[in-house]
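Below you'll find the structure, written out as structure tokens, and then a few comments.
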Amino acid sequence: MKAILVNDDRSLRWDDVPNPVLGNDDCLVKIEAAALNRADLMQREGDYPPPPGCPEWMGLEIAGTIVEIADGAKEKSNWKVGDKVCALLGGGGYAQYANIKYDMLMPVPENCSMVEAAAIPEAFATAYLNLFIEGNIKEGDTLLMNAGASGLASVIIPMAKAFGVRVITTVLTDEFANSIKHLNADRVVVTTKEDIVEVLKEELENGHPVDVAIDCLGGEIMGKCIHFLKHGARWIMIAALAGQKTEIDLKNIYVRNVRIIGSTLRSRTPAVKAQILSELVEKVWPKVATGKVKPTIYKVLPITEAEAAHDILYKGQNVGKVVLTVE
């Protein structure tokens with residue numbers, strides 16, 4: 001089969017690789033679409049190696065069709081050859097086929113295309129993990145979701161709204177603010193025009209403080225913002241694209257009972273990931289089927305144009321997910 005490999009100069013090529021070897025609990029999936037994540041860029045640059053046992057090529061979420069099922073997977077699951085599925089992978093999605101443990105597979109939700117389904121597993125599992133498991137967010141709470149034009153925000157914001165959460169988000173420009181209107185955030189802060197620190201201070205004083213913040217930016221501004229949250233709030237760091245260092249008033253942290261939580265999905269055990277996927281199908285899939293939660297697709301390209309697809313993420317051009325289709 002073929003997969004996207006990284007050359008010594010970090011460029012990409014579509015080249016021959018060994019066919020997957022099924023483990024006893026695996027299903028073989030013919031991949032039809034694979035979505036991009038920033039973790040793919042990090043892996044390409046050598047900063048985010050795949051877990052042991054995963055292929056060397058990138059790709060954390062795919063959609064496709066089951067074409068073979070190993071004996072153990074037959075005994076432990078209800079999957080059938082021909083089932084349309086989407087899946088969370090440790091790596092290896094930029095390819096024609098993948099062998100995937102049965103409990104990492106989910107049915108494609110009703111009223112969902114294969115391109116949309118490919119954009120679901122990693123983003124939706126990350127959203128669910130940080131909203132409900134790490135954040136323990138509840139109906140009526142307020143969420144701060146930084147980088148509102150990102151692919152992850154395009155999932156987190158509607159998911160939070162579907163469960164009755166009030167959402168504040170940040171973007172850099174009015175153009176980005178207009179592009180995310182369909183996500184229905186309650187307050188969109190254009191940070192080139194408004195100071196997010198002052199906004200959070202105002203929200204606190206007006207009785208609408210942030211209960212949970214999900215932050216992929218970090219940097220200097222994080223330490224300034226964290227002083228104006230609700231007592232007992234959770235600030236969840238999932239990346240530090242704006243800088244890895246900040247300054248925090250530690251007294252404010254313990255007096256206000258604020259928790260800073262570091263969180264990545266990829267580092268979770270397979271058992272934890274399987275539980276997250278199971279809960280997604282049970283609790284979120286009905287909202288996907290009715291259209292309350294949908295991935296936002298920015299662009300679809302053939303997998304042979306993976307380099308151009310990566311450039312979109314590198315340049316920060318996307319509002320929503322970029323997806324590769326596989327012939």
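- Remark: Lys201 NZ is loosely packed, at most 12 non-hydrogen atoms of other residues, nucleotides or ligands lying under 6.0 Å away.
- The pair Lys2-Asp16 counts as a salt bridge, with a side-chain nitrogen and a carboxylate oxygen less than 4.0 angstrom apart.
- With rounding to the nearest 0.5 angstrom, the OH atom of Tyr128 is 7.0 Å from the CG atom of Leu280.
- More than 12 heavy atoms of other residues, nucleotides or ligands shown are found within 6.0 angstrom of CD on Glu194.
- With contacts defined as side-chain heavy-atom distances shorter than 4.5 Å, the pair Lys321/Asn37 qualifies.
- Here the side chains of Ile260 and Met222 are in contact, with some heavy-atom distance below 4.5 Å.
- Side chains of Glu307 and Ser11 form a contact here, defined as non-hydrogen atoms less than 4.5 Å apart.
- Of the possible polar contacts, none joining the Asn178 side chain to the Glu175 backbone as a donor-acceptor pair under 3.5 Å is found.
- A distance of 6.5 Å separates CD1 of Ile248 from NE2 of His227, quoted to the nearest 0.5 Å.
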Problem - Chi angles and distances behind the side-chain contact (heavy atoms from CB on, under 4.5 Å) call for Leu36, His310 - result: CA-CA 8 Å; Leu36 273 63; His310 274 207; 3.5 Å; yes

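- Closest approach of Ala119 to Ala123, counting heavy atoms only: O-CB, 3.8 Å.
- In the model, Asn78 has no side-chain atom that pairs as donor or acceptor with a side-chain atom of Lys80 under 3.5 Å.
- Side-chain atoms of Ser179 come within 3.5 Å of backbone N or O of Phe176 as a donor-acceptor pair.
- Rounding to the nearest 0.5 Å gives a distance of 6.5 Å between NZ of Lys74 and CD1 of Ile69.
- Hydrophobic clustering (side-chain heavy atoms under 4.5 Å, transitive across Ile, Leu, Val, Met, Phe, Trp, Tyr) groups Ile137 together with Val293.
- Side-chain contact check for Leu88 versus Leu265: some heavy-atom pair is nearer than 4.5 Å.
- Closest approach of Gly218 to Ala242, counting heavy atoms only: O-CB, 4.1 Å.
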Practice task
Mind running side-chain contact (heavy atoms from CB on, under 4.5 Å) on Phe228 and Val199 for me, showing each step along the way?
Solution key: CA-CA 9 Å; Phe228 300 105; Val199 169; over 6 Å; no

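- For CG of Asp8, the number of neighbouring non-hydrogen atoms (other residues, nucleotides, ligands) closer than 6.0 Å is 12 at most.
- No side-chain donor-acceptor contact under 3.5 Å links Asp40 to the backbone of Met58.
- Between the side chain of Trp57 and the backbone N or O of Gly92, at least one donor-acceptor pair lies under 3.5 Å.
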Problem - side-chain contact (heavy atoms from CB on, under 4.5 Å) evaluation trace for Val212 with Leu131 - result: CA-CA 8 Å; Val212 177; Leu131 282 171; 5.6 Å; no

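- Both Val165 and Ile180 sit in one connected hydrophobic cluster of ILVMFWY residues. Membership requires side-chain heavy atoms under 4.5 Å apart, directly or through other members.
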Practice task
Report the C-alpha distance between Asp249 and Lys251 in whole Å, list the side-chain angles of each, state the deciding distance to 0.1 Å, and finish with yes or no for salt bridge (charged side-chain N to carboxylate O under 4.0 Å, His left out).
Solution key: CA-CA 6 Å; Asp249 178 354; Lys251 182 177 179 181; over 6 Å; no

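- The list of salt bridge (charged side-chain N to carboxylate O under 4.0 Å, His left out) pairs with a residue in residues 223-240, not counting sequence neighbours, reads Asp211-Lys230, Glu220-Lys224.
- Val326 approaches Ala95 most closely through the heavy-atom pair CG1-O, 3.6 Å.
- At a threshold of 4.5 Å between side-chain heavy atoms, the hydrophobic network of Ile, Leu, Val, Met, Phe, Trp and Tyr places Val319 and Ile168 in two separate groups.
- Taking each heavy atom of Asn184 and Lys161 in turn, the nearest pair found is O-CE, 3.3 Å.
- The shortest distance between side-chain heavy atoms of Asn318 and Lys299 does not fall below 4.5 Å.
- Side-chain atoms of Trp79 come within 3.5 Å of backbone atoms of Tyr102 as a donor-acceptor pair (strictly under, hydrogens ignored).
- In this structure, Trp14 is not a member of the same hydrophobic cluster as Leu5, with clusters built from ILVMFWY side-chain heavy atoms closer than 4.5 Å.
- Checking side-chain atoms of Asp186 against main-chain N and O of Val167 turns up a donor-acceptor pair under 3.5 Å.
- Here the straight-line distance linking atom NZ of Lys287 with atom NZ of Lys292 works out to 4.5 Å at 0.5 Å rounding.
- Annotation for Leu60 and Gly90: closest pair CD2-O, 3.6 Å, computed over non-hydrogen atoms.
- Residues Leu183 and Pro158 form a side-chain contact, since some pair of their non-hydrogen atoms from C-beta on lies under 4.5 Å apart.
- In this structure a side-chain-to-backbone donor-acceptor pair under 3.5 Å is missing from Thr65 to Asp83.
- Using a 4.5 Å heavy-atom threshold, the side chains of Leu229 and Pro209 count as separate.
- Every ring-ring contact (aromatic ring centres under 6.0 Å, His included) that Phe163 has, sequence neighbours left out, goes to Phe132.
- The environment of CD in Glu45 is crowded: more than 12 heavy-atom neighbours from other residues, nucleotides or ligands sit within 6.0 Å.
- Rounding to the nearest 0.5 angstrom, the gap separating the CG atom in Asn252 from the CD1 atom in Ile226 is 8.0 Å.
- Checked by atom type and distance alone, the side chain of Trp285 pairs as donor or acceptor with a backbone atom of Pro107 at under 3.5 Å.
- With hydrogens and angles left out, the side-chain atoms of Arg166 and His208 include no donor and acceptor closer than 3.5 Å.
- Under a 3.5 Å cut-off, the side chain of Glu122 and the backbone N or O of Ile62 do not form any donor-acceptor pair.
- Counting only distance, with no hydrogens or angles, the side chain of Asp47 and the backbone of Met42 share no donor-acceptor pair below 3.5 Å.
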Exercise for the section: Check step by step if side-chain contact (heavy atoms from CB on, under 4.5 Å) holds for Cys54 and Leu89. Expected result: CA-CA 8 Å; Cys54 289; Leu89 288 72; over 6 Å; no

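- Closest of all the heavy-atom pairs between Leu143 and Ala160 is CD2-CB, 4.0 Å.
- At a threshold of 4.5 Å between non-hydrogen side-chain atoms, the residues Tyr314 and Arg44 count as touching.
- Linking ILVMFWY side-chain heavy atoms closer than 4.5 Å, directly or via other members, places Val281 and Val85 in a single hydrophobic cluster.
- Note: Lys101 NZ to Asn24 CG = 10.5 Å, rounded to the nearest 0.5 Å.
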